[in-house]
Protein chains: 2
Amino acid sequence: MTSYESEKLAATLKAAREKKGLSQRALSSRAGVPQSHISKIESGAVNLTVSSLTAIANALDLELALVPRKAAPAVRTITRSVNDVPKATPETRKEIARLAKQVDHLRSLEIDTPAVETLQRHFRELRQFENLIRNTDALRSIRETLKAVDDAGGVSALREATNQMSSFRNALAHGLTEENRTRLPRPAYRLDGGDDE
Amino acid sequence: MTSYESEKLAATLKAAREKKGLSQRALSSRAGVPQSHISKIESGAVNLTVSSLTAIANALDLELALVPRKAAPAVRTITRSVNDVPKATPETRKEIARLAKQVDHLRSLEIDTPAVETLQRHFRELRQFENLIRNTDALRSIRETLKAVDDAGGVSALREATNQMSSFRNALAHGLTEENRTRLPRPAYRLDGGDDE
DNA sequence: GAGTGTGATATATTTAAGTATATCAAGTTG
DNA sequence: CAACTTGATATACTTAAATATATCACACTC
């Protein structure tokens, strides 16, 4: 194997893991391969066995295939087309998870339950577009607003955060944020912004 | 790796080698992997490294690919469509090689040069259909006839062999032999059977 | 029968993959 | 700041892949 090919394989595995938002330790659990070994594999430091490769690939929802050389370009095209479905970046996943935690926390405060339920609904709707989020500033801003609910902002801060979510979701749906507008996976459509409150 | 998968991989490699008409020793030379090891690999007795797999695969005009699970059916389809181009079986290749040797031998005898040239032309035309031959009895029969040229048959045996080749080629072209008729790679067309003699 | 080819198998050796476990430096969170 | 996470790295050990070489049984050819 040329070093170019082993580098490609290592890079493919690393990219796939990151794309799924897994740490090496999480992948280690899934694949049954020690984390230290995964680190070496990803850095191209070992020539792994087919069974190790298969275990890791399967844990990453990949399959090992032997394809005729003349079919390789077509296979690459297919792989790319599947991979081109937008996925949430690891950063986005983290911010969404933090936001989810914050929303859960507010639920346990038992304040103005209808307003919290509205917030939750908007959060669920925002999550449907999480694959399109490429800049997490808006998510962080919403989280700051939700923190203010605890501090003293109360219901007005809650509503502010809900509005922010709604605006952000709408912008994503319209592809109007700084996100890559060619990545919109659906026809543009209009959303009503005033369906409650 | 499940044993089903390692069996599949071994079978794939063996089938690919046979399809190319290579012996394990020939593949060994091409891939730089000892023949004894290839034997073990094909029987599924070892868990080979990715570099060994890649070396062997490349020698068989295959590429290793990691494809998303959801794309695996499409990849299998592509692989199958490339593989479905008919190829001569190893047995057919052998018989064709033997026949070629026999024809060469007759050339060196310097008998009735026009008849030998006709034979050669018919042999070349037959070879264009060698991918379709699935039963080598006809080839063996032609070879026996050619042997009779040496013995005492002379030019009449030569002509008999030429006719046999011509008939076999026509039958292949028409898909009228016991070969699988769905494998005809071209529209059926009519050949003139009496273009010489 | 001698010679050749083929795939399977054996032997001895070297190399490194794989494993378990621990630790480190850096980053993040509350 | 303490606690946790992350990926990289180290250590010691086991296991087996890989290699070189040879041989066998069988099939085929002349």
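Letters go in sequence order (proteins before strands), and every chain restarts at 1.
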From the options C:dA8, D:dA18, C:dA17, select the nucleotide whose nearest atom is closest to the side chain of B:K14. C:dA8

Rounded to the nearest Å, what distance is computed from the CD atom of residue A:Q24 to the P atom of nucleotide C:dG18? 15 Å

A:I56 has an atom CD1; how far is it from atom C1' of C:dA17, in whole Å? 12 Å

Quick one: closest heavy-atom pair of B:T145 and B:A161, and the distance? CG2-N, 3.6 Å

Go nucleotide by nucleotide along DNA chain C from the 5' end; which of B:R17 and A:L53 gets its closest nucleotide reached first? B:R17

How would you list, by chain and number, every residue that makes a side-chain hydrogen bond (donor to acceptor under 3.5 Å, both in side chains) with B:R98, sequence neighbours excluded? B:E95

Would you classify B:S39 as touching base, sugar-phosphate or nothing, given that sugar-phosphate means primed atoms plus P, OP1 and OP2, and contacts are heavy atoms under 4.0 Å? base

Taking OP1 and OP2 of D:dA18, is either one under 4.0 Å from a side-chain nitrogen or oxygen of B:S52? yes

note: B:E18, atom CD; C:dG5, atom C1'; distance rounded to Å ~ 15 Å

Measure the distance from NZ on A:K40 to P on C:dA22 and round it to the nearest whole Å. 16 Å

Salt bridge or not between A:E63 and B:R76? Use side-chain N to carboxylate O under 4.0 Å. yes

Residues in contact with DNA chain C, drawn from residues 29-36 of chain B - heavy-atom cutoff 4.0 Å: B:Q35, B:S36

Just to confirm, is there a sub-4.0 Å distance from OP1 or OP2 of C:dT6 to any side-chain nitrogen or oxygen of B:S23? yes

Taken to the nearest whole Å, NE2/B:H37 to P/C:dT9 is 15 Å

Could you tell me whether B:K20 and B:D61 have a side-chain N and a carboxylate O separated by less than 4.0 Å? yes

So for B:R25 and C:dG7, does any side-chain atom that can act as donor or acceptor lie under 3.5 Å from a complementary atom in the base? yes

Length of the line joining A:L22:CG and D:dT6:C1', which is rounded to integer Å: 13 Å

Stepwise side chain to side chain contact (heavy atoms under 4.5 Å, CB included) test for A:F123 and A:T162: CA-CA 8 Å; A:F123 182 50; A:T162 300; over 6 Å; no

Walking DNA chain C from its 5' end, the first of A:I41 and A:E95 to be reached, judged by nearest nucleotide, is A:I41

Counting only side-chain nitrogens and oxygens, does A:R98 get under 4.0 Å of the OP1 or OP2 atom of C:dT28? no

Is A:E144 salt-bridged to A:R140, cutoff N-O under 4.0 Å? no

Let me know the distance between NZ of A:K20 and C1' of D:dT6, rounded to the nearest Å. 20 Å

Specify the separation, in whole Å, of atom CG of A:L48 and atom P of C:dT15. 21 Å

For B:T49 and B:S52: C-alpha separation, side-chain torsions, deciding distance, then whether side-chain hydrogen bond (donor to acceptor under 3.5 Å, both in side chains) applies. CA-CA 5 Å; B:T49 59; B:S52 294; 3.2 Å; yes

